[in-house]
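Input: a single structure, listed below in C-alpha cells.
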Amino acid sequence: MKPKKSIAPPLSVPPHIIKSRAAVPAAHRLDIEAILIPPSRIQRRVSELAHIISADYRGKEFVIIALLNGTVMFLADLVRRMEFPLQFDLMGVSSYRGGTSSGDLEFTRPLKLDIRGRHVLLVDDILDTGKTLRAVSAELASLGAASVRTCVLLDKPAGRVGEFTADYVGFVVPHLFVVGYGLDHDEKYRNLPFVGVLKEEVYQAVR
Ligand code: 5GP
Ligand code: MG
C-alpha cells in the first residue's frame, strides 16, 4: 500500500510572534513564551488528516497504535473524525534514562490488540530525532503488522538524526521546545488547548 502523502504546510514562527505574549492567556504567561498553533488551527488540521487517512484506509483491516502519553488529545480528536470502523490501542514507550545508548527504548505498556496481518497507523505527538518512531515501527513490523505507517501532529525536521519521514504530518515546526495539546514538560502543560513555546528559563530551571 503506497502512502498518500499529506500536505504538511510549513509553519514558521516570525520573531514578532515569539516576542509578543499578548495572545497567551494570563494564566500561562509566566511559563509560555508564545502560542505557536492556536486551538482552531489544530482542529482544522486534525480534521484534514482524519479525512486523508480515512480515504487511505477505508475497507482495510486497520488499527491505530498511539504512543502514551503525549498523543492523548491528538488521538481523541483524530479518531472522532474518522467515520468508519476502527480499533486503537496504546503503547507506552520511554527512553532509557542514565544510559549512554540514547537510542534504546523501553516498552512500558505492551499492546493488547493483536496486530498480525493488519494495517497499522502508528501515531505520535512529535517527530524529532526519529529514534522513537524508527524503533517502534520496527517493533510493530516484528509483531506481524501487514503494513506500518506513521502519523505525527508535529514534525521538527531540524532535530532529525539520520533519515526518517512520517507518512502523515500535522504541522512542521521550528527547532523549539513545544508544549500543550498533550505535549509536556516535566509532565505539565499537557492540558493546554494550544501548542506553545515554553520559556527557556522554565526548562532550564528543571535541569
Ligand atoms: P524522537 O525519538 O523523534 O527524538 O523524539 C520523539 C519524542 O521526544 C516525542 O514523542 C516527545 O516525547 C519528545 N519531544 C521531542 N521534541 C519535543 C518537544 O519540543 N516538546 C515535547 N514536549 N516533547 C518533545
Ligand atoms: Mg513522546
Side-chain angles (χ1 to χ4, degrees), residues 8 10-13 17-18 24 28 31-37 39 42 45-46 49 64-78 88-109 120-141 148-207:
L11 190 82
S12 59
V13 188
I17 291 187
I18 293 291
V24 180
H28 304 299
D31 296 353
I32 303 298
E33 187 76 48
I35 293 181
L36 201 54
I37 315 171
I42 296 174
R45 185 61 179 151
V46 172
L49 286 178
I64 292 181
I65 304 297
L67 300 184
L68 289 169
N69 294 336
T71 56
V72 287
M73 311 291 173
F74 181 37
L75 177 71
D77 286 339
L78 189 70
F88 66 80
D89 199 358
L90 298 159
M91 211 172 180
V93 176
S94 69
S95 318
Y96 283 116
R97 306 266 164 217
T100 46
S101 47
S102 53
D104 291 342
L105 291 182
E106 188 182 6
F107 293 95
T108 57
R109 184 196 185 276
V120 174
L121 183 67
L122 171 58
V123 175
D124 202 7
D125 49 5
I126 183 165
L127 170 59
D128 187 17
T129 65
K131 284 174 190 163
T132 306
L133 289 186
R134 196 179 289 123
V136 180
S137 298
E139 171 74 8
L140 296 174
V148 181
R149 288 186 198 164
T150 52
C151 171
V152 290
L153 176 73
L154 308 173
D155 182 7
K156 266 202 290 200
R160 209 75 86 249
V161 176
E163 255 187 55
F164 192 91
T165 318
D167 297 299
Y168 305 94
V169 174
F171 301 92
V172 174
V173 295
H175 204 37
L176 296 164
F177 193 82
V178 294
V179 293
Y181 193 65
L183 290 109
D184 77 308
H185 176 257
D186 202 21
E187 295 303 325
K188 287 181 285 193
Y189 312 107
R190 292 195 196 275
N191 61 318
L192 299 180
F194 53 81
V195 172
V197 182
L198 195 62
K199 286 191 182 182
E200 212 174 307
E201 60 250 42
V202 176
Y203 56 83
Q204 280 182 350
V206 177
R207 272 150 223 274

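In each ligand, atom 1 is the first atom listed, and ligand 1 is the first ligand listed. In what follows, residues are counted from 1 in the order of the sequence shown.
Between L183 and ligand 1, no N or O atom pair is found at a separation short of 3.5 Å. Between G130 and ligand 1, at least one pair of N/O atoms sits closer than 3.5 Å.
Side chain of D167 to main chain of T150: a donor-acceptor pair is present (N/O by atom type, distance under 3.5 Å, no hydrogens or angles). One N or O on the side chain of R134 and one on the backbone of E163 form a donor-acceptor pair closer than 3.5 Å. Proximity of a side-chain donor or acceptor of R160 to a complementary backbone N or O of D128 within less than 3.5 Å is detected.
With ligand atoms numbered from 1 in the order given, ligand 1 contributes 1 (P), 2 (O), 5 (O), 6 (C) to contacts under 4.0 Å with heavy atoms of T132. Per-residue contacts place K131 under 4.0 angstrom from the following atoms of ligand 1 (heavy atoms of the residue considered): 2 (O), 3 (O). Below 4.0 Å from some heavy atom of T129 lie the following atoms of ligand 1, by number and element: 1 (P), 2 (O), 3 (O), 4 (O). Residue L176 has at least one heavy-atom neighbour below 4.0 Å for each of these atoms of ligand 1: 19 (O). Each of the atoms 21 (C), 22 (N) of ligand 1 lies under 4.0 Å from some heavy atom of D184.
For G70, the heavy-atom gap to ligand 1 stays at 4.0 angstrom or more. Within the 4.0 Å heavy-atom cutoff, K156 counts among the residues contacting ligand 1. Not close to ligand 1: L198, with no non-hydrogen atom less than 4.0 angstrom away.
Surrounding CZ of F88 are at most 12 heavy atoms belonging to other residues, nucleotides or ligands under 6.0 Å away.
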For this session: Tell me, with the steps shown, if D31 and L198 meet side-chain contact (heavy atoms from CB on, under 4.5 Å).
Result: CA-CA 6 Å; D31 296 353; L198 195 62; 4.3 Å; yes
For this session: Step by step, work out the side-chain contact (heavy atoms from CB on, under 4.5 Å) result for F107 and V93.
Result: CA-CA 5 Å; F107 293 95; V93 176; 3.8 Å; yes
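With contacts defined as side-chain heavy-atom distances shorter than 4.5 Å, the pair M91/L140 qualifies. Looking only at side-chain heavy atoms (C-beta outward), L127 and V169 stay at 4.5 Å or farther from each other.
Within the 4.0 Å heavy-atom criterion, the part of D124 lying near ligand 1 is the side chain and not the backbone. The part of D125 lying near ligand 1 is the side chain, judged by heavy-atom distances below 4.0 Å.
Just one of D125, L154, D77, L192 meets the side-chain contact (heavy atoms from CB on, under 4.5 Å) condition when paired with Y181; it is D77.
The residue among I126, V178, L153, L105 with a heavy atom at the shortest distance from atom 20 (N) of ligand 1 is V178.
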